[in-house]
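Below: the structure, in structure tokens.
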Amino acid sequence: MKTILVTGGTGFIGSHTCVELLKAGYQVVVMDNLSNSKADVVKKIETITGRTVPFYRADLLDVPSMDRIFREQKIDAVIHFAGLKAVGESVEKPLLYYQNNVSGTINLCEVMHKHDCKTIVFSSSATVYGMHNPVPMTEDMPTSATNPYGYTKVMLEQILTDLHTADPAWSVMLLRYFNPIGAHESGLIGENPNGIPNNLLPYIAQVALGKLPCLGVFGDDYDTVDGTGVRDYIHVVDLALGHIAACRYAFSHKGVEIVNLGTGSGTSVLQMIKAYEKASGRAIPFAIRPRRAGDVATCYADTQKAKDLLGWTAQRDIDQMCKDSWRFTVQNA
Ligand code: NAD
Ligand code: UFG
């Protein structure tokens, strides 16, 4: 039985991936510094799966702590979610983002190399498609970034690719996520951002709950179905299952593969508001605001490579995503 170290395993996507890994029969070890999540998530993963999960409160920047995990556990592969992800904060604190995300990942790879663990699945992002590519996004398109967060993803894709070039024993999966939303159907784990949310779904959820009065819709004059921004929202459980498929692939192939994880279809902000109103039975008051700097009109994935290479496609629709998000929101209010 293979053991997977999940960095950032108490976070939103990491926790759902732990559940699916355990259900698929893998052993899971979680490490997280809890900078954006809570330790009780480990218990919730254990409750959902009925399995035990060793947890290390550790920081990617603390090499001796990272080393200790690899000394104490026989790790076969790493799924690397740990990182900071707030675009606006990355503009204000670029060094924090480069240090945490880039230096942290370099530390992780050095420790992996030392312990002869050379299989890594990395959380990249559709943000690397930048502002100028046409939709749907294909993995061979040129990458770019408009903010330090995005640059950390562009840089880390390059660093991990170079690592494999230097040592072909590495197996590297670069997974480009589109917009993960939703929650586990148990309502036990989901997305719980600190403070006022930056992203659409957590914001809508807070408005539906009555904690925030009104959603600002950033622009209604884009060249889209109704003028509002269009994104490829993907259920976090589907995304988690994409990681299981990526792990399976990585264990049987050396090399570097870039794979989009999205549904291949777009939903506008207004369509999302309607879907959430239906799922929650609550009105979502909104007001049109100016466009947000750095936003593209439309972003959705070409999903052919995920299907061909990994045999994976997303199954859950927008209604399911909103229903599961709402259940989690109500249960954790
Ligand atoms: P999250 O913040 O919920 O999870 C990330 C976890 O990493 C958190 O629990 C945090 O405490 C931990 N962490 C951060 N820095 C660390 C460090 N130095 N050492 C140890 N732990 C550390 O975020 P998420 O939404 O689950 O995202 C996971 C990954 O996916 C991130 O790399 C993110 O950039 C990427 N991603 C997310 C999205 C999205 O919309 N959620 C989209 C594309 C890519
Ligand atoms: N939006 C609003 N109001 C809000 C928040 C968002 O109208 O309060 C709109 C945005 O303008 C955009 C859409 O809702 O059209 C989605 O916005 P999000 O902030 O939820 O998501 P983004 O696509 O902008 O970015 C997210 C992550 C990035 C990641 C990217 C691609 O925040 O880190 O998905 O994976 F890189």
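Computation of the quantities below employed the complete heavy-atom set of this structure, encompassing side-chain atoms and omitting hydrogens, waters and symmetry-equivalent molecules. Just so you know, ligand 1 is whichever comes first in the structure, and atom 1 is the first atom listed for that ligand.
- In this structure the side chain of Tyr276 reaches within 4.5 angstrom of the side chain of Thr329, judged on heavy atoms.
- Among all non-hydrogen protein atoms, the one lying nearest atom 22 (C) of ligand 1 is Asn33 OD1, 3.2 Å.
- For atom 4 (C) of ligand 2, the nearest non-hydrogen atom of the protein is Phe218 CE1, 3.3 Å.
- In terms of N/O distances under 3.5 Å, ligand 1 is not approached by Ala82.
- Not a single heavy atom of Leu61 lies less than 4.0 angstrom from ligand 1.
- By the criterion of a heavy-atom distance under 4.0 Å, neither the backbone nor the side chain of Phe286 is placed next to ligand 2.
- For atom 18 (P) of ligand 2, the nearest protein heavy atom (residue, atom name, distance) is Asn199 ND2, 3.5 Å.
- Residue Tyr149 approaches ligand 1 through these ligand atoms, each under 4.0 Å from one of its heavy atoms: 33 (C), 34 (O), 35 (C), 36 (N), 44 (C).
- If you look at Phe178 next to ligand 2, the close heavy atoms, those under 4.0 Å, all belong to the backbone.
- Looking from atom 10 (C) of ligand 2 to the surrounding protein, the closest heavy atom is Asp295 OD2, 3.4 Å.
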Please step through side-chain contact (heavy atoms from CB on, under 4.5 Å) for the pair Met173 and Phe122, ending with a clear verdict. CA-CA 6 Å; Met173 302 297 290; Phe122 174 64; over 6 Å; no
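- Of the polar atoms of Ser125, none of the N or O atoms is found under 3.5 Å from an N or O of ligand 1, judged by distance alone.
- Of all atoms in ligand 1, numbered sequentially from 1 with element shown, those under 4.0 Å from a heavy atom of Ala58 are 19 (N), 20 (C).
- Taking a cut-off of under 4.0 Å to the non-hydrogen atoms of Ser123, the atoms of ligand 1 that pass are 29 (C), 30 (O), 32 (O), 35 (C).
- Using a 4.0 Å cut-off between charged nitrogen and carboxylate oxygen, Glu72 and Arg68 count as a salt-bridge pair.
- At under 3.5 Å, a nitrogen or oxygen of Phe81, whether backbone or side chain, sits near a nitrogen or oxygen of ligand 1.
- Among protein heavy atoms, the minimum distance from atom 23 (O) of ligand 2 is reached at Arg231 NE, 2.7 Å.
- The shell of residues lying under 4.0 angstrom from ligand 1, judged by heavy atoms, excludes Asn179.
- Any N or O atom pair closer than 3.5 Å counts here, and Phe12 shares at least one such pair with ligand 1.
- Ranking the protein heavy atoms by distance from atom 16 (C) of ligand 2 puts Tyr233 OH, 3.4 Å first.
- Residue contacts with ligand 2, taken as heavy atom pairs separated by less than 4.0 Å, involve Asn198 solely via the backbone atoms N, CA, C and O.
- Counting only heavy atoms of the protein, atom 9 (C) of ligand 2 lies nearest to Val269 CG2, 3.7 Å.
- Ligand 1 has an N or O atom lying under 3.5 Å from an N or O atom of Asn100, backbone or side chain.
- Among Ile13, Asn36, Asp32, the residue whose heavy atom sits closest to atom 6 (C) of ligand 1 is Asp32.
- More than 12 heavy atoms of other shown residues, nucleotides or ligands fall within 6.0 angstrom of atom NZ in Lys305.
- The distance criterion of under 3.5 Å between nitrogen or oxygen atoms is met by Asn179 with respect to ligand 2.
- Below 30°, between 30° and 60°, or above 60°: for Phe81 and Tyr177 the angle between ring planes is between 30° and 60°, a tilted geometry.
- Within ligand 1, counting atoms from 1 as listed, the ones closer than 4.0 Å to a heavy atom of Ser124 are 43 (C), 44 (C).
- Ranking protein heavy atoms by distance to atom 36 (F) of ligand 2, first place goes to Ser125 OG, 2.6 Å.
- Under a 4.0 angstrom heavy-atom cut-off, Lys153 registers as being in contact with ligand 1.
- Interface of Leu34 with ligand 1, defined as ligand atoms under 4.0 Å from a residue heavy atom, comprises 11 (O).
- A salt bridge does not link Lys323 to Asp319: none of the charged nitrogens lies less than 4.0 Å from a carboxylate oxygen.
- At a heavy-atom distance under 4.0 Å, atoms from both the backbone and the side chain of Leu200 approach ligand 2.
- Side chain to side chain, Thr10 and Asp32 meet the donor-acceptor criterion of an N or O pair below 3.5 Å.
- At least one N/O-N/O distance between Leu60 and ligand 1 falls below 3.5 Å.
- At least one side-chain heavy atom of Arg57 sits less than 4.5 Å from a side-chain heavy atom of Phe55.
- Checked against the 6.0 Å centroid threshold, His243 and Tyr249 do not count as a close aromatic pair.
- At least one heavy atom of Pro180 sits closer than 4.0 Å to an atom of ligand 1.
- Proximity of a side-chain donor or acceptor of Asn133 to a complementary backbone N or O of Tyr129 within less than 3.5 Å is detected.
- The single protein non-hydrogen atom nearest to atom 3 (N) of ligand 2 is Gly216 O, 2.7 Å, given as residue, atom name and distance.
- Checked against a 3.5 angstrom limit, the closest N/O atoms of Tyr177 and ligand 2 fall inside it.
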